[in-house]
Colleague: 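Okay, handing you the structure first.
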Amino acid sequence: MPTGLEERFGAAVSVARTAGAVIRERFATRGAQTYEMKGHQDFLTEVDSEVETLVAAAIARAFPDDGFIGEEHGSAGRTDGVWVVDPIDGTSNFARGIGHFCISIAYVAGGEPVIGVIYDPMRDEMFAALQGRGATLNGAPLRVSGVSDIRAASVECGWSMRRPVPDYIALCARVMEMGAGLYRCGSGALGMAYVAAGRLDSYCELHINAWDVLAGVALVREAGGAVSDFMGQGGLARGAPILACTPALGPALSRASGIAL
Ligand code: IPD
């Protein structure tokens, strides 16, 4: 294990918990309309910026030589030895008063996410993975589900305006025609965490950004799932498609989504 990874893992869990407490408090006390639109169906709250600043400062204090990429404040241009953070994933849910969102923290080294921490402050659920050491939920080991029949599968198809609407509808239609049950819950990071936990059998999205998905990639891999090559497709710089699922569902969902595993 490269030096400093365990320290970084501990720091990621601790920062996620601290930031999660702030998010929970802001959610409980928020006013009626506390969001702006960054773009079409792209929400921004003041809390996103506040929490990202808090997380970036904590990481810079502990690991001053590391890079940092955040959803709200962009990138320092680093591609390795870099933290990739979404302060609130599921911002539209947060903004509309729906308690399904999380903070997502990944650390990339050697070209892959080797640490993935996703904390759901409303349910006090800490999903955490360290490469080679497995994935856990509040300390208990995680494993992807054993579902192998697509007609028994639950699949979340994430959506954003970054891809044409007809492409999303066609993806959903193919997944449903194969017999799967369809979800779209508004947090890609929690969708990935739920695949790692066996609550969902797959998460797929035609384009997703690195801060939304990299922690989830580490989690699903460490929980024994199959995951498409997000980093190999330039996902860190510009986002990429993602498919994560139980190994047995891989061939069917790869056909349905057009995303190679
Ligand atoms: C979005 C959510 C959504 C996913 C989008 C993301 P945000 O992130 O994860 O579920 O489908 O691709 O952009 O805006 O809530 O941080």
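Here the structure is a predicted model, which is why all the values come from computation and not from measurement. Counting convention: from 1, in listed order, for ligands and their atoms alike.
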Colleague: So for ligand 1, is S92 a polar contact partner (N or O within less than 3.5 Å, distance only)?
Modeller: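 For ligand 1, there is no N or O atom that lies under 3.5 Å from one belonging to S92.
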
Colleague: Between E6 and R133, is the salt bridge (Lys or Arg N to Asp or Glu O under 4.0 Å) condition met? List the steps.
Modeller: CA-CA 10 Å; E6 280 181 12; R133 296 284 175 85; 2.6 Å; yes

Colleague: Is the side chain of D120 donor-acceptor paired with the backbone N or O of C102 at a distance under 3.5 Å, no angle test?
Modeller: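 Between the backbone of C102 and the side chain of D120 there is no qualifying donor-acceptor contact (under 3.5 Å).
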
Colleague: What's the spacing between S187 OG and D212 CG if we round to 0.5 Å?
Modeller: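 Reported to 0.5 Å precision, the distance equals 8.0 Å.
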
Colleague: To the nearest 0.5 Å, what is the distance between CG on D124 and OH on Y119?
Modeller: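 Answer for the CG-OH pair, D124 versus Y119, is 3.5 Å.
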
Colleague: Do any nitrogen or oxygen atoms of G186 come within less than 3.5 Å of a nitrogen or oxygen of ligand 1?
Modeller: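 Min N/O separation from ligand 1 is below 3.5 Å for G186.
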
Colleague: Would you please indicate if the ring centroids of Y194 and Y183 are separated by under 6.0 Å?
Modeller: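 So the answer is no for these two rings.
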
Colleague: Between R163 (side chain only) and H207 (backbone N and O only), is there a donor and an acceptor less than 3.5 Å apart?
Modeller: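 Checking the backbone N and O of H207 against the side chain of R163, no donor-acceptor pair under 3.5 Å is found.
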
Colleague: Any nitrogen or oxygen of G158, side chain or backbone, less than 3.5 Å from one on ligand 1?
Modeller: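 Such a contact does not occur with ligand 1.
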
Colleague: If the threshold is 4.0 Å, N to carboxylate O, is there a salt bridge linking R30 and E50?
Modeller: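 Between E50 and R30 there is no salt bridge, as every charged N stays at least 4.0 Å from the carboxylate O atoms.
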
Colleague: Compute the minimum heavy-atom distance from Y203 to ligand 1 and say whether it is under 4.0 Å.
Modeller: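 A heavy atom of Y203 does come that close to ligand 1.
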
Colleague: For L214 and M231, what are the C-alpha separation, side-chain angles and deciding distance, and is it a side chain to side chain contact (heavy atoms under 4.5 Å, CB included)?
Modeller: CA-CA 9 Å; L214 276 182; M231 293 293 280; 3.8 Å; yes

Colleague: Say whether W159, considering both its backbone and side-chain N or O atoms, lies within less than 3.5 Å of an N or O atom on ligand 1.
Modeller: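 Indeed, backbone or side chain, W159 has an N or O that close.
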
Colleague: Assess D48 for proximity to ligand 1: is some non-hydrogen atom of it under 4.0 Å away?
Modeller: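 It does not; every heavy atom stays at 4.0 Å or beyond.
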
Colleague: Using modelled atom types only, decide if a donor and an acceptor are shared between the side chain of D201 and the backbone of V155 within a distance under 3.5 Å.
Modeller: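 Between the backbone of V155 and the side chain of D201 there is no qualifying donor-acceptor contact (under 3.5 Å).
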
Colleague: Provide the number and element of each atom of ligand 1 under 4.0 Å from a heavy atom of T91.
Modeller: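 Numbered from 1, ligand 1 contributes 7 (P), 15 (O), 16 (O).
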
Colleague: Rounded to the nearest 0.5 Å, what separation is found between the CD atom of E71 and the OG1 atom of T91?
Modeller: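 Rounded to the nearest 0.5 Å, the CD-OG1 separation comes out at 5.5 Å.
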
Colleague: Could you tell me, atom by atom, which parts of ligand 1 come under 4.0 Å of a heavy atom of I88?
Modeller: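 Contacts of ligand 1 toward I88, numbered from 1: 16 (O).
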
Colleague: Looking only at distance, does E71 have an N or O less than 3.5 Å from an N or O of ligand 1?
Modeller: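 Looking only at distances, the answer is yes, because the N/O contact criterion of under 3.5 Å is met.
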
Colleague: Of the side chain and backbone of C185, name the one, both, or neither that has a heavy atom under 4.0 Å from an atom of ligand 1.
Modeller: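 Contact part for C185 vs ligand 1: neither.
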
Colleague: Hey, does R184 sit under 4.0 Å from ligand 1 if you only count heavy atoms?
Modeller: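 No, that is not the case, since the closest heavy atom of the residue is not under 4.0 Å from the ligand.
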
Colleague: Would you say D212 and ligand 1 have an N/O pair spaced under 3.5 Å apart?
Modeller: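 Right, the criterion is met.
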
Colleague: With atoms numbered from 1 as shown, which atoms in ligand 1 lie under 4.0 angstrom from a non-hydrogen atom of D86?
Modeller: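 Every atom of ligand 1 under 4.0 Å from some heavy atom of D86: 16 (O).
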
Colleague: Is there a donor-acceptor pair under 3.5 Å between the side chain of S148 and the backbone N or O of A248?
Modeller: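 Between the backbone of A248 and the side chain of S148 there is no qualifying donor-acceptor contact (under 3.5 Å).
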
Colleague: Which atoms of ligand 1 sit under 4.0 Å from any heavy atom of E205?
Modeller: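 So the atoms of ligand 1 that pass are 4 (C), 5 (C), 11 (O), 12 (O).
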
Colleague: Any idea which part of N93 is under 4.0 Å from ligand 1, heavy-atom wise: side chain, backbone, both or neither?
Modeller: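 Looking at N93 and ligand 1, no heavy atom falls under 4.0 Å.
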
Colleague: Which of the numbered atoms in ligand 1 are under 4.0 angstrom from any heavy atom belonging to S187?
Modeller: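 Contacts of ligand 1 toward S187, numbered from 1: 9 (O), 10 (O).
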
Colleague: Run the numbers for me: atoms of ligand 1, each under 4.0 Å from some heavy atom of R162, listed by number.
Modeller: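 Counting atoms of ligand 1 from 1, those under 4.0 Å from R162 are 5 (C), 12 (O), 13 (O).
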
Colleague: Any N or O on A189 sitting closer than 3.5 Å to an N or O of ligand 1?
Modeller: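 No, A189 has no N/O under 3.5 Å of an N/O on ligand 1.
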
